[in-house]
Amino acid sequence: MASLTTFTDEARIALDTLSGRATGLFSPSLRLGVTGLSRAGKTVFITAFVHNLIHGGRLPLFEAQKSGRIARAFLEEQPDDAVPRFQYEDHVAALVDQRIWPDSTRAISELRLTIEFESASGWNRMFSAGKLSIDLVDYPGEWLLDLPLLGKSYDDFSREALELARLPVRADLSEAWRELAATVKPEADADEMTARKLAETFSAYLKACKDDERALSTLPPGRFLMPGDLEGSPALTFAPLPGLGQRARPGSLHAMMERRYEAYKTHVVKPFFREHIARLDRQIVLIDAMQALNAGPGAIADLERAVTEILACFRPGRGNLLTDLFSRRIDRILVAATKADHLHHESHDRLQSIVRRLTDRAVARANLSGAEVDVLALAAVRATREGTVKQGRDTLPVIIGTPIDGEAIGKERFDGNSETAIFPGDLPEKADVVFQDFGTNHRQDANDPTIRFVRFRPPRLERTTEGVTLSLPHIRLDRALQFLIGDHLA
C-alpha cells in the first residue's frame, strides 16, 4: 500500500504516528481494527468483546482471564474526539432487552476499553503499570475495498468493473446499467443528467449484488452503497464507461467521469487510509461465509476476491524501536467466519477449514509477509443451543433457537416467536468441494435438504439467583481474544 501513497501522504502518516506514540508513552494502547462486509457481525463482535471482558464472561482459552490476572476492564473516553463513539450501551440493550440484532455499521466509530491486569512475568511486573487501553475501531469493509482504487486509473477501474459485471453471477443484475452505458459516447460533451443516470443505475446494480440471494462481496466504490453525507455530491456521481482507450478530451463525459473518480480517491479514499487504516496495530476481518455458501459457488468466488483485496490493503509486518515511532504495522490479522452457532459443533471445524482454504489463497495473492495470520470459526453471540431429535431409526444433531420473523426453510416460514429445532445439515468434509465450479451461479436450493441456514434472534440471557444477568454466550470468542490481545497481557 505504500506504493499507492505519495511522499506527502507518508510524511503526514509519520507525523500522526509520532504524535500518537508520544501521547501513549506512559499509557500503553493497542489499536484494533474490526472490519467485515455487511452483515458479517462487526457490531455484535465489538459488543460481545467488551461485554465479556467487563462482566468476566466465560473465556477459558483467554489466558489472562483464565489465570485470574485481570483485575478489571472498563470503558474510558476515546482519544479521537472527531470520530463517533461506538454506542456500546445501545447495542447491549438491543441484544439483551429487545433480543434484536443491532443496526449494521454505516460509518466509522471507536470505543476505548481499558484493562487493568497483573503480568505473568515478575520482570514485567517491575516495569509495567499492568494497564492496557484497547481502541476498537469499527469501519465498513465496503470502504476498505476502495483502497485498491488508489493504484488504479479511471480507465483501469472502468475495464475491471465491466469485466466483473459480465460474470454469470452478475450479468442479469448489471444488464440495465450496461445497456445504458452502451448508448453513451465517452467523447461526447459532458452532461450532468447523463452522469447522474449512469451513477444511479450503477449504484442500483451494486446494491442488488448485496441481496441475500447473490451475497456478492467485491462491490467498489464502497460509498455508493453507504454514501453518508456525500450522497448527491459530484464525488459520488460517476460510473465506469465502456470503450475507453484514448486520452479524455477536455469537456467530454469521459473527462468529467475521470475527474470525479480522482476526486473520490483524493477526498474520500486517501483520508480514510491515512487517518484510520495506517494507524492500526491489529486487525480482525469478519466474513459471513454462511451467506456465501447459501448463495452458491459464484458468491464464494466473489468472497475470496474481496478477502484478497481487503488483506492487500493492510500494512503488514513487525517494526523495531525506531521505525515504530514513525509508522504502525499490523503484525496480527485474524480472519473469522461468523455465525458458527448456525451449525452443529460437528461442522465448526469444517467451516473453519473452508475459510482457511479461502484465506490461504488470498494471503498468497496479497503478499502478507511479516504478519501472523490466523483463521477461526466463531459466534460472538451464540443464538442457539444443541440437541438431538429422532427421525425414524436415526438420531439427528440439531440446533435449537428462535428464527427471525420471515425466515423460511422450504415452505415453512417462521414467526420470530417460536423456538424451533433445526437440522442444519453438514458441510462437506473436504473444503475443495465448495470451491468447484467457480463462475457458475448454482445457488443452494431452498428445498435442498443438504444444508439449511436461517438467521436466529439473540438468546435469552440467564440470570443468577441474585438477579444478575450473565455475560453474552459465544463460540470461540476467547480464542479470538487470545490471538488478538493475549500477548499484550502476558
Side-chain angles (χ1 to χ4, degrees), residues 1-13 142-167 170-171 173-207 209 218-275 277-278 309 312-313:
M1 186 57 66
S3 63
L4 305 184
T5 54
T6 65
F7 177 79
T8 302
D9 294 328
E10 292 299 321
R12 293 181 67 176
I13 290 170
E142 284 81 359
W143 292 8
L144 195 64
L145 287 171
D146 281 348
L147 295 186
L149 299 179
L150 293 176
K152 297 175 184 177
S153 68
Y154 173 70
D155 288 17
D156 292 335
F157 162 68
S158 293
R159 184 183 64 256
E160 292 180 11
L162 283 161
E163 289 173 356
L164 282 176
R166 295 187 184 107
L167 292 176
R170 296 171 178 245
L173 303 180
S174 66
E175 185 175 6
W177 163 63
R178 287 187 292 114
E179 287 182 352
L180 177 62
T183 67
V184 172
K185 295 182 178 180
E187 67 275 13
D189 290 344
D191 177 70
E192 187 64 41
M193 290 308 296
T194 300
R196 180 174 156 188
K197 289 178 182 177
L198 285 167
E200 288 174 350
T201 54
F202 182 65
S203 296
Y205 146 61
L206 295 180
K207 291 173 183 176
C209 288
T218 310
L219 304 170
R223 292 295 182 101
F224 279 46
L225 299 170
M226 298 178 179
D229 57 1
L230 290 173
E231 188 166 9
S233 68
L236 262 63
T237 311
F238 69 90
L241 288 175
L244 303 181
Q246 296 182 348
R247 188 170 182 175
R249 176 182 64 83
S252 65
L253 182 65
H254 183 182
M256 172 196 271
M257 294 293 198
E258 186 174 51
R259 185 181 69 253
R260 292 180 175 184
Y261 170 79
E262 293 298 330
Y264 182 81
K265 293 198 298 182
T266 299
H267 299 297
V268 177
V269 184
K270 278 190 177 183
F272 170 63
F273 174 72
R274 185 180 66 246
E275 296 167 12
I277 304 304
E309 295 205 358
C313 295

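Owing to the predicted nature of the structure, the values given are computational and were not obtained by experimental measurement.
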Interatomic spacing from [atom1] in [X] to [atom2] in [Y] - rounded to 0.5 Å:
| X | Y | atom1 | atom2 | result |
| --- | --- | --- | --- | --- |
| E192 | T194 | CD | OG1 | 9.5 Å |
| H254 | R247 | NE2 | CZ | 10.5 Å |
| R159 | K152 | CZ | NZ | 9.0 Å |
| F224 | Y264 | CZ | OH | 7.0 Å |
| R170 | L173 | CZ | CG | 9.0 Å |
| D155 | E258 | CG | CD | 6.0 Å |

- Message: For a salt bridge (charged side-chain N to carboxylate O under 4.0 Å, His left out) check, start with the C-alpha distance between K265 and E262, then their side-chain angles and the critical distance, and finish with the verdict.
- Response: CA-CA 5 Å; K265 293 198 298 182; E262 293 298 330; 3.5 Å; yes
[X] (side chain) donor-acceptor with [Y] (main chain) under 3.5 angstrom:
| X | Y | value |
| --- | --- | --- |
| R178 | R166 | no |
| D146 | V269 | no |
| T183 | L180 | yes |

Over all heavy atoms of both residues, which pair between [X] and [Y] is shortest? Give the atoms and the distance, please.
| X | Y | answer |
| --- | --- | --- |
| T201 | W177 | OG1-CD1, 3.6 Å |
| S252 | P186 | CB-O, 3.7 Å |
| I277 | L144 | CD1-CD1, 3.6 Å |
| S174 | A165 | OG-O, 2.8 Å |
| F202 | P221 | CE2-CD, 3.8 Å |
| T237 | G232 | OG1-O, 4.1 Å |

- Message: Counting neighbours of CZ on R196 that are heavy atoms of other residues, nucleotides or ligands and sit closer than 6.0 Å, is the number greater than 12?
- Response: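 Not buried by this count: 12 neighbours or fewer within 6.0 Å.
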- Query: Got more than 12 heavy atoms from elsewhere within 6.0 Å of CD, E187?
  - Reply: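 Enclosed: over 12 neighbouring heavy atoms sit under 6.0 Å from CD of E187.
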4.5 Å side-chain heavy-atom contact, [X] and [Y]:
| X | Y | value |
| --- | --- | --- |
| S158 | P242 | no |
| L198 | M257 | yes |
| E142 | L219 | no |

- Task: Take V268 and W143 through the side chain to side chain contact (heavy atoms under 4.5 Å, CB included) test and state the conclusion after the steps.
- Result: CA-CA 9 Å; V268 177; W143 292 8; over 6 Å; no
